[in-house]
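Note that the structure is predicted; figures quoted are calculated from it, not measured. Residue numbers start from 1 in every chain, and the chains themselves are labelled A, B, ... in the order their sequence lines are given, proteins ahead of strands.
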Amino acid sequence: MSNSPCVLLGMSGGTDSSVAAILLQEAGYQVIGITFRFYEINSSVSYLEEARTLCETLGIPHLTYDARDLFREQIIQYFTEEYMAGRTPVPCTLCNNYLKWPLLTQVADEQGISHIATGHYVQKEVVEGHHYITCGADPDKDQSFFLWGLPQEILQRMILPLGTLTKTRVRAIAEERGFIQTARKKDSLGVCFCPMDYRSFLRRELGAEAFQPGRFVTEEGQFIAHHEGYPFYTVGQRRGLGIHLNRPVFVKEIRPERNEVILSSLQSTECMEFKLKDWRAIDAKELLACTNLAVKIRYRKQLNHCTVRISTEGFLQVILREPLTAVAPGQAAAFYSGHRVLGGGIIV
RNA sequence: UGUCCCAUGGUGUAAUGGUAGCACAACAGGUUUUGGUUCUGUUUGACCAGGUUCGAGUCCUGGUGGGACAA
């Protein structure tokens, strides 16, 4: 018993991490559950109770870790700052790569636990000594897009019990084991700290006076109408602009310094290349030389063939084979070779 | 002042005299560990008054309101 391997499992209280706990235990691991307190809507801690109850039922230890201050500093502040800078943030990517997984690793170290796990729908692969995230088996749930920034130290310790399963199968497993309520929980939706419209969140966080009405303009700079303030719009947005031009128009660009939002046709938002900052690669040489490289700039969206090179300023320049529309600064790009995640970065 | 053209949802537009349709917008829902995209659905309409007709958005007369040309 004492020589069976230990794993620290991040548990949100939801279906996925609960089934991960069940599966790890059945696979013979000594599981320790940990629930991070990141953000609590209306001070509700029911998720903590649910995780703890499950651990009790399974007979495994359960820890909690209050990361609310860290989360506010690293994720929420970033989130509002990005919008105020006229960009579109990717809180889930940042949280996974810079907060959730590193914290899990840190606690595992403190507890002397070798392995770490979550209920992510992703798999792993080792190629030439490098550990890679690969796509989850369920194409509808694959979350590899969010995990392009993890370092080797974390990747090599990860165990991903849901990677080979579909969501349907995961629910079935919970039900088969008698965890009916767990099985039937709704999927979480949207940003964990902002289930409502992000605009209301910005107003609540920064105060209504932080936003000034500005101008919608054409690509030529011609005035179209007034808007409520540039942070309330995002590149590629079509609906909710509050204007009707008898043709569909999309947000092409946001100019915070002039409080202007440029509108155009969808076609006019197409581009053939863009640059990434804060980019990471498992193996930079492989990334630069990859002949079947593809990039994804949106979760659950199609891959686009591309090549990359390092620009003189140190950015990673992505050259597309087919154009992409509405590439939004602040959003993430993840690189794939087949099902393998080679790296990624933040669009500038 | 004369002649001609036009009038259909919030906006722009269709329909040999026969169920008023489409696009854009708005709203609601679905999908979703980011924003956005997208999908489905819903609401809203004949300038006014007469006439012809089994039946008028459509044809006729008058009015009202726009636009163009002429002076």
Side-chain angles (χ1 to χ4, degrees), chain A residues 10-17 20 36 38-39 41 47 71 74-76 78-101 118-122 136 138-149 162 167 170 185-202 216 224-225 227 230-254 261 263-267 269-270 296-302 304 324-334 344 346-347:
Chain A
M11 299 180 71
S12 66
T15 308
D16 296 334
S17 56
F36 291 107
F38 287 128
Y39 191 87
I41 293 162
Y47 70 100
F71 190 79
Q74 291 190 22
I75 307 300
I76 295 182
Y78 147 85
F79 183 79
T80 54
E81 281 173 0
E82 283 291 279
Y83 273 115
M84 293 313 286
R87 294 186 289 265
T88 310
V90 279
C92 293
T93 298
L94 227 67
C95 180
N96 271 299
N97 290 325
Y98 294 94
L99 185 59
K100 188 184 286 179
W101 282 97
T118 64
H120 278 92
Y121 287 85
V122 295
D138 185 340
D140 291 328
K141 296 298 295 184
D142 169 42
Q143 292 162 327
S144 57
F145 175 72
F146 296 104
L147 301 179
W148 50 262
L162 304 193
K167 181 79 187 195
V170 166
K185 276 191 183 172
K186 280 198 70 177
D187 282 11
S188 60
L189 49 130
V191 195
C192 64
F193 58 88
C194 176
M196 79 287 265
D197 184 76
Y198 82 86
R199 295 160 186 89
S200 327
F201 183 83
L202 287 181
F216 284 124
I224 298 173
H227 64 63
Y230 69 87
F232 297 133
Y233 306 91
T234 184
V235 169
Q237 180 178 343
R238 171 180 178 175
R239 313 202 60 166
L241 300 177
I243 55 171
H244 47 271
L245 298 178
N246 298 321
R247 63 177 192 281
V249 290
F250 298 78
V251 172
K252 176 175 183 172
E253 195 183 326
I254 293 169
V261 175
L263 304 180
S264 73
S265 68
L266 183 63
Q267 196 180 17
T269 69
E270 284 183 351
K296 193 188 265 199
I297 62 163
R298 294 177 178 95
Y299 178 51
R300 290 167 57 81
K301 281 294 178 287
Q302 290 221 321
N304 290 71
L324 269 170
T325 56
V327 178
Q331 289 283 290
I346 302 295
I347 298 165

Can you tell me which stems involve RNA chain B, if a stem is defined as three or more consecutive Watson-Crick or G-U wobble pairs, both distances under 3.5 Å?
B:1-7 with B:64-70, B:10-13 with B:21-24, B:26-29 with B:39-42, B:47-51 with B:59-63
Contact under 4.0 Å: A:Arg199 side-chain N or O vs B:rG36 OP1/OP2:
yes
Can you sort out the partners of A:Phe201 under ring pair (Phe, Tyr, Trp, His ring centres under 6.0 Å), two or more places apart, ordered by chain and number?
A:Phe79, A:Phe193
Sorted by position of nearest nucleotide on RNA chain B, 5' first, the leading residue of A:Val327 and A:Arg300 is A:Arg300
What is the separation between atom NZ on A:Lys186 and atom P on B:rG29, rounded to the nearest whole Å?
11 Å
When the C1' atoms of B:rA25 and B:rG10 are considered, how many whole Å apart are they?
7 Å
Can a salt bridge be assigned to the pair A:Asp187 and A:Lys167 using a cut-off of 4.0 Å between side-chain N and carboxylate O?
yes
For the pair made of CZ in A:Phe79 and P in B:rG35, what is the distance, rounded to whole Å?
8 Å
Do side-chain atoms of A:Tyr230 reach the backbone of A:Met84 as a donor and acceptor pair under 3.5 angstrom?
yes
On a whole-Å scale, what distance lies between the C1' atoms belonging to B:rG57 and B:rG9?
14 Å
Measure from CZ on A:Arg298 to C1' on B:rU32 and round the result to the nearest Å.
14 Å
Whole angstroms only, please: what is the CD-C1' distance between A:Gln237 and B:rA25?
14 Å
Sugar-phosphate only, base, or nothing, as touched by A:Pro248 at under 4.0 Å among non-hydrogen atoms
sugar-phosphate
Assess, by modelled atom type and distance only, whether the side chains of A:Asp16 and A:Tyr121 contain a donor and an acceptor separated by less than 3.5 Å.
yes
Summarise how protein sits on nucleotides 38-44 of chain B as a single string, 5' to 3': B when a protein heavy atom is under 4.0 Å from the base, S for sugar-phosphate-only contact, - for no contact.
S------
Mind listing the closest non-hydrogen atom pair of A:Ile243 and A:Ala225 along with its distance?
CG2-CB, 3.5 Å
Ring centres under 6.0 Å, that's the criterion: do A:Tyr198 and A:Tyr83 meet it?
yes
Find every protein N or O atom lying less than 3.5 Å from an N or O atom of nucleotides 8-11 of chain B, and list the pairs.
unit_1, atom_1, unit_2, atom_2, d
B:rU11, O2', A:Asn246, ND2, 3.1
B:rU11, O2, A:Asn246, OD1, 2.4

What are the two closest non-hydrogen atoms of A:Val327 and A:Pro329, and how far apart are they?
O-CD, 3.5 Å
Tell me: CZ of A:Arg247 to C1' of B:rC22, nearest whole Å?
18 Å
Quick check on RNA chain B: between A:Gly242 and A:Leu147, whose nearest nucleotide comes earlier from the 5' end?
A:Gly242
Once you round it to whole Å, what is the distance between P of B:rG36 and NZ of A:Lys252?
21 Å
Tell me, please, which residues at least two apart from A:Phe216 pass ring pair (Phe, Tyr, Trp, His ring centres under 6.0 Å).
A:His227, A:Tyr233
Can you tell me the distance, in whole Å, between the OH atom of A:Tyr230 and the C1' atom of B:rG35?
16 Å
Salt bridge (Lys or Arg N to Asp or Glu O under 4.0 Å): which pairs involve residues 233-252 of chain A, sequence neighbours left out?
A:Glu219-A:Lys252
